[in-house]
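What follows is a short report on a single structure.
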Amino acid sequence: MELKDKKVIVTGGARGIGRSLVEQLFNEDAIVGIFDIDREQFKEIKETYPNVLCIECDTTNPDQVEASVETFCEQFGKIDILVNNAGILYSAPLVSLSENGLKKHDARMWEKVISTDLNSVFYMTVSVVEKMLLKRTKGVIVNISSVSASGNAGQSAYSAAKAGVNALTATWAKELSPMGIRVVGIAPGYTNTESTQTVMNEKVLKDIVKKVPMRRLGKADEIVKSILHVIENDFFNGKIIEIDGGLII
């Protein structure tokens, strides 16, 4: 699929990998809408990319998702591509020792991560696919997963959510491909983004870098290139590409 003039929704497009993707899509002459809750970033984005549609949308809320997708369609007529990028990174073991004894994984954070990283993918995709089918659009759904989907110590909720994303990618590809909609996934490794720097301290990051054969974190634009590749390759479908510098071999 060529990107020129294609109508694209990027969730979580205000920062990090999503922001880099929005910039590249704009450079490829795509028509882009950002669904995000970070409205503080919207002003800066609009100053640089005035034609990008910024919609404040909590993708964990199905009613907001429905309304936002409708707004996008009213303005642009249809949706060609959805990139499910919105998510949060959270690390905590199932149980850990503290000064006060055993500390259990926070149940509220479990629910928040599952809601943000998995439920939102379902809400967005079911709403967008409905519009694609009504308009008979041959579209692409790109799900941003993680190499943690295979199970990463200290990330019960995050790993579970991303494993779910991988399962949905395969399931939806089987269901939707006969109707002309491809579903694909990208699983980044540890990437040098603001969220990574915020969640992980310097020691943890140094330990991670030692485990990566290339001895560095990934760059946002390297992940973006892979996203664009799976969009443009019309025979790529139902698979997850891991972009992790060789961390998982």
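Remember, predicted model here, so these are calculated numbers, not experimental data.
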So, do Val52 and Leu25 sit near enough that their side-chain heavy atoms are less than 4.5 Å apart?
no

More than 12 heavy atoms of other residues, nucleotides or ligands under 6.0 Å from CD of Glu40: is that the case?
no

Pair Leu133, Met179 - check side-chain contact (heavy atoms from CB on, under 4.5 Å), show working.
CA-CA 8 Å; Leu133 293 178; Met179 293 176 275; 3.8 Å; yes

I'd like to know if Ile241 and Leu228 are part of one continuous hydrophobic network [Ile/Leu/Val/Met/Phe/Trp/Tyr, side-chain heavy atoms within less than 4.5 Å].
yes

Apply salt bridge (Lys or Arg N to Asp or Glu O under 4.0 Å) to residues Arg108 and Asp106 and explain how you reach the verdict.
CA-CA 5 Å; Arg108 288 171 297 182; Asp106 189 326; 3.7 Å; yes

Co-membership, hydrophobic cluster, residues Val142 and Ile243, 4.5 Å side-chain:
yes

Flag, side chain of Glu56 to backbone of Arg39, donor-acceptor distance under 3.5 Å:
no

Establish whether Val121 and Val184 are linked, either directly or via other cluster members, by ILVMFWY side-chain heavy-atom contacts under 4.5 Å.
no

Give a yes or no answer on whether the side chain of Asn61 reaches the backbone of Cys57 with a donor-acceptor pair at less than 3.5 Å.
no

Shortest non-hydrogen contact from Ile114 to Ala157?
CD1-O, 3.8 Å

If you define the side chain from C-beta out and look only at heavy atoms, does anything of Leu97 sit under 4.5 Å from Leu102?
yes

Tell me if a side-chain donor or acceptor on Ser145 pairs with a main-chain N or O of Ile186 at a distance below 3.5 Å.
no

Measuring from Phe76:CZ to Thr71:OG1, what's the distance to the nearest 0.5 Å?
11.0 Å

To the nearest 0.5 angstrom, please state how far the OG atom of Ser226 sits from the CD atom of Glu242.
11.5 Å

Rounded to the nearest 0.5 Å, what's the gap from OG1 on Thr137 to CD1 on Ile181? Could you check?
7.5 Å

Side chain to side chain contact (heavy atoms under 4.5 Å, CB included) with Val69: of Ile79, Leu82, Val126, Ile55, only one passes, and it is Ile79

Are Phe122 and Val183 linked, directly or through other ILVMFWY residues, by side chains that come within less than 4.5 angstrom of each other?
yes

Between Asn143 and Gly185, is there a donor-acceptor pair closer than 3.5 Å when you use the side chain of the first and the backbone of the second?
no

Quick one: are Val113 and Leu118 in side-chain contact, heavy atoms under 4.5 Å?
no

For Asn237 and Ala173, which heavy atoms make the closest approach, and how far apart are they?
OD1-CB, 3.7 Å

Within the 4.5 Å heavy-atom criterion, are Asp5 and Asp80 side-chain neighbours or not?
no

Counting only heavy atoms not in Tyr49 (residues, nucleotides, ligands), do more than 12 fall under 6.0 Å from its OH?
yes

Should the heavy atoms of other residues, nucleotides or ligands under 6.0 Å from NZ of Lys131 be counted, would the total exceed 12?
yes

Rounded to the nearest 0.5 Å, what's the gap from CD on Glu66 to CD on Glu130? Could you check?
6.0 Å

What are the two closest non-hydrogen atoms of Leu53 and Phe72, and how far apart are they?
CD2-CD1, 4.0 Å

Would you find a donor on one side and an acceptor on the other, under 3.5 Å apart, between the side chain of Arg15 and the backbone of Gln41?
no

To the nearest 0.5 Å, what is the distance between NZ on Lys78 and CZ on Arg136?
13.5 Å

Using modelled atom types only, decide if a donor and an acceptor are shared between the side chain of Ser120 and the backbone of Thr59 within a distance under 3.5 Å.
no

Any chance you could lay out the side-chain contact (heavy atoms from CB on, under 4.5 Å) test for Val140 and Val83, step after step, and finish with the verdict?
CA-CA 8 Å; Val140 182; Val83 182; over 6 Å; no

Step by step, work out the side-chain contact (heavy atoms from CB on, under 4.5 Å) result for Ile227 and Ile17.
CA-CA 10 Å; Ile227 296 172; Ile17 292 171; 4.3 Å; yes

Using distance only, find each side-chain donor-acceptor pair of residues 158-165 under 3.5 Å and give its atom names and separation, not counting sequence neighbours.
{"unit_1": "Ser159", "atom_1": "OG", "unit_2": "Ser148", "atom_2": "O", "d": "2.9"}
{"unit_1": "Ser159", "atom_1": "OG", "unit_2": "Asn152", "atom_2": "N", "d": "3.2"}
{"unit_1": "Ser159", "atom_1": "OG", "unit_2": "Gln155", "atom_2": "O", "d": "2.9"}
{"unit_1": "Lys162", "atom_1": "NZ", "unit_2": "Ile144", "atom_2": "O", "d": "3.0"}

Give a yes or no on whether the backbone of Val147 and the side-chain of Ser150 come within a donor-acceptor separation of less than 3.5 Å.
yes

Is there a side-chain contact between Ile141 and Met132 in this structure, where contact means two heavy atoms from C-beta onward sitting under 4.5 Å apart?
yes

Using every non-hydrogen atom in the two residues, find where Val65 and Tyr123 come nearest and quote the distance to one decimal.
CG1-O, 3.5 Å

Verify, without hydrogens or angle tests, whether Arg182 (side chain) and Ile231 (backbone) share a donor-acceptor contact under 3.5 angstrom.
yes

With distance as the sole test, does Arg19 use its side chain to make a donor-acceptor pair with the main-chain N or O of Ile45 at under 3.5 Å?
no

Take atom CD1 in Ile88; do more than 12 heavy atoms of anything else shown fall under 6.0 Å from it?
yes

Working to the nearest 0.5 angstrom, can you tell me the gap between Cys54 SG and Phe35 CZ?
11.0 Å

Heavy-atom pair of closest approach, residues Val128 and Ile9:
CG2-CD1, 4.3 Å

Indicate yes or no: at least one non-hydrogen side-chain atom of Asp29 is less than 4.5 angstrom from one of Leu3.
no

Any Tyr90 side-chain heavy atom under 4.5 Å of Thr116 side chain:
no

Co-membership, hydrophobic cluster, residues Phe236 and Trp172, 4.5 Å side-chain
no

Over 12 foreign heavy atoms within 6.0 Å of NZ, Lys138
no

What one should report as the nearest heavy-atom pair of Ala187 and Ile240 is CB-CG2, 3.7 Å

